Amino acid sequence: MPVRRLSRTGIVAGFAAIALLCLPLADLQVAGHDPWSALGRMLTGFLRPDFSAVEDIFRALALTVAFAIAGVAAGGLAGLVMAPFYRFRAVRWTAIALRSVHELFWALLLMQVAGMGVLTGVLAIALPYAGIFAKVLSEILDEADPRPANWLGPQVDALSRFLWARAPLARPEMQSYALYRIECGLRSSAVLGFIGLPTLGFQLDSFFKQGDYGAAGAIMLVYILLIATLRLWMRPRLLLPWLIAAGAMLTQVSAPPMGAGALWRFLSQDILPAPLRQGDPAGLWPWLADLGRDAILPGIAATLVVAQLALILTGMIAFLGQALIVPRVMGRWGAALGHLLLVVLRSFPEYMLAYLFLQILGPSMLPAVLALALHNGAIIGHLLGRQADGLTLRPDAPHGLTLWGWEIVPRLFGQFVALCLYRWELIIRESAIMGILGIATLGFFLDDAIAELRLDRAVVILLATALLTAGIDWLSRGLRARLGARHLRAPGRGPAKGVA
């Protein structure tokens with residue numbers, strides 16, 4: 001039975017209607033004290049970066065790179081091992097479970113076992129990235145030319161078939177995707193600094209708390225340059241030297257040792273629900289019901305509200321932003337400035353942007369919504385702009401806004417809707433972690449449970465977060481399939497490079 005196709009405008013209208021219903025439930029007030037003054041001080045610092053603490057800044061930069069390279073390498077290797085077997089349900093669900101939990105949540109959990117050290121930082125990046133790599137690399141392998149593998153005949157074992165017939169054909173796309181994933185790893189590594197790892201996020205948090213906006217501006221400038229020059233200093237042939245350098249750098253990170261038996265205590269006692277630890281199995285259901293009523297359901301509701309508002313604002317920014325980098329629309333210099341703007345916005349992690357907005361606007365959902373929308377809108381706008389710039393146009397095609405409105409928008413509208421749906425699951429993940437900043441999403445209740453050392457509650461909240469993310473991913477894939485965009489190409493692979 002054929003799948004019933006859905007209208008693109010109908011999906012957009014439906015999501016817009018849901019966002020309107022969410023508006024009365026959203027806390028969007030500006031709660032900051034004198035936000036314009038705070039913004040002025042911040043901009044002054046950013047325009048006059050202070051590199052007097054250059055030693056601390058560049059050590060944090062080196063550690064940001066080291067954690068990213070080590071984490072992505074470990075995650076990539078694990079994902080490569082899983083990719084050929086991704087069709088098996090056990091492997092597929094393992095990958096889904098790994099990538100459904102954000103790096104910050106993995107770090108908060110791993111801290112209870114391994115402390116705030118190298119192992120926590122590397123695994124916090126490697127675990128979700130293993131699930132992501134497994135999915136994307138399996139798609140790359142599936143799309144490789146099957147004829148060489150078929151030519152080997154049925155007598156050749158699966159491992160030889162993979163190593164000598166499938167992997168070589170897929171290697172260029174795998175390398176391209178791995179480079180993009182390192183860019184993502186740099187963002188993840190920087191964000192982990194906000195919970196204690198000695199990366200750029202830690203330095204940024206420290207300088208903001210001291211009111212030293214000049215030093216914070218230096219941090220942000222260094223971070224932008226790091227992302228912007230990635231393709232210059234990270235080449236496939238330099239991977240081994242970079243891995244050695246990363247390992248050497250990480251050996252300099254010291255952390256207080258955890259007590260003996262921390263892992264066994266965590267697995268056998270800490271995450272066991274309190275009623276079971278106390279020998280009261282009958283109390284398990286009331287305990288779960290209370291946790292659901294007091295934390296999980298309110299957290300899910302807030303997460304969905306933030307995500308839906310951010311998704312609609314993301315679409316608005318992407319819809320307008322796709323024209324910013326097209327010379328025939330904006331002119332050569334206008335397109336160059338638009339490209340710079342979108343690159344800067346997409347380079348900063350949502351969490352870091354939300355942290356900055358929080359300093360200006362105060363604690364509410366508004367900083368999270370703005371941060372998520374600007375980052376994701378810039379990514380989608382950049383992708384669509386690149387596609388728009390490559391469109392084949394008739395000789396008498398107009399220029400400027402007429403070209404954008406009558407030629408580019410209609411031809412790329414389907415891809416625009418599909419990309420927004422693709423980012424939806426990622427926006428849900430990021431909305432959940434915004435709770436660590438004080439917004440009442442799922443991350444708020446998870447962070448609170450960990451702070452109180454109620455790790456049994458934390459694990460259940462984490463499971464709820466993973467199920468919510470996986471559910472949105474499933475719904476998103478279903479909607480994209482109904483649009484005829486089920487096999488949207490992964491980042492680093494053709495027109496949709498950088499989407500994930």
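It should be emphasised that the depicted structure is a prediction, and the values quoted were computed from it without experimental measurement.
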Answer whether the closest heavy-atom distance between the side chains of [X] and [Y] falls below 4.5 Å.
| X | Y | result |
| --- | --- | --- |
| Trp106 | Leu98 | yes |
| Leu366 | Phe357 | no |
| Leu324 | Trp404 | no |
| Leu200 | Leu63 | no |
| Leu250 | Phe67 | yes |
| Phe319 | Val12 | no |
| Leu80 | Met174 | yes |
| Ile125 | Leu192 | yes |

Residue pair [X] / [Y]: nearest heavy atoms and the distance that separates them:
| X | Y | value |
| --- | --- | --- |
| Met352 | Ala190 | CE-CB, 3.9 Å |
| Thr441 | Ser431 | OG1-O, 3.0 Å |
| Gly315 | Cys420 | CA-SG, 4.0 Å |
| Ala66 | Met249 | CB-CB, 4.0 Å |
| Ala83 | Leu137 | CB-CB, 3.8 Å |
| Leu372 | Thr314 | O-OG1, 3.7 Å |

Under the side-chain contact (heavy atoms from CB on, under 4.5 Å) rule, what do Tyr351 and Ile436 come out as? Steps first, then yes or no, please.
CA-CA 9 Å; Tyr351 188 89; Ile436 300 176; 3.4 Å; yes

Counting only N and O atoms by type, is there a donor-acceptor contact under 3.5 Å from the side chain of [X] to the main-chain atoms of [Y]?
| X | Y | answer |
| --- | --- | --- |
| His375 | Phe348 | yes |
| Ser347 | Ile224 | no |
| Arg87 | Ser138 | no |
| Ser189 | Gly185 | no |

With rounding to the nearest 0.5 Å, note down the distance linking [atom1] in [X] to [atom2] in [Y].
| X | Y | atom1 | atom2 | value |
| --- | --- | --- | --- | --- |
| Lys135 | Ile96 | NZ | CD1 | 9.0 Å |
| Leu186 | Leu61 | CG | CG | 9.0 Å |
| Ile408 | Leu391 | CD1 | CG | 6.5 Å |
| Met316 | Leu311 | CE | CG | 12.0 Å |
| Ile325 | Asp389 | CD1 | CG | 7.0 Å |
| Leu204 | Leu356 | CG | CG | 6.0 Å |

Go through the steps to decide whether Phe208 and Met42 satisfy the test side-chain contact (heavy atoms from CB on, under 4.5 Å), and finish with yes or no.
CA-CA 9 Å; Phe208 263 109; Met42 195 177 294; 3.6 Å; yes

Is Arg411 atom CZ crowded by more than 12 heavy atoms from other residues, nucleotides or ligands, each under 6.0 Å away?
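Counting neighbours around CZ of Arg411, more than 12 heavy atoms of other residues, nucleotides or ligands fall under 6.0 Å, so yes.
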
Please check if the number of heavy atoms outside Trp333 that lie under 6.0 Å from its CH2 is greater than 12.
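Incorrect, the count does not exceed 12.
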
Glu425 and Thr469: side-chain contact (heavy atoms from CB on, under 4.5 Å), yes or no, with the steps?
CA-CA 6 Å; Glu425 178 256 340; Thr469 305; 3.2 Å; yes

Name the orientation class of the two ring planes belonging to Phe194 and Tyr355 (parallel below 30°, tilted from 30 to 60°, perpendicular beyond 60°).
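Phe194 vs Tyr355 ring planes: tilted.
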
Distance-only side-chain donor-acceptor flag, Ser188 / Tyr129, under 3.5 Å:
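Yes.
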
Under the side-chain contact (heavy atoms from CB on, under 4.5 Å) rule, what do Glu139 and Tyr86 come out as? Steps first, then yes or no, please.
CA-CA 9 Å; Glu139 293 174 353; Tyr86 195 78; over 6 Å; no

Sequence-distant partners of Glu103, salt bridge (charged side-chain N to carboxylate O under 4.0 Å, His left out), two or more places apart
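For Glu103, the residues satisfying salt bridge (charged side-chain N to carboxylate O under 4.0 Å, His left out) (neighbours in sequence not counted) are Arg429.
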
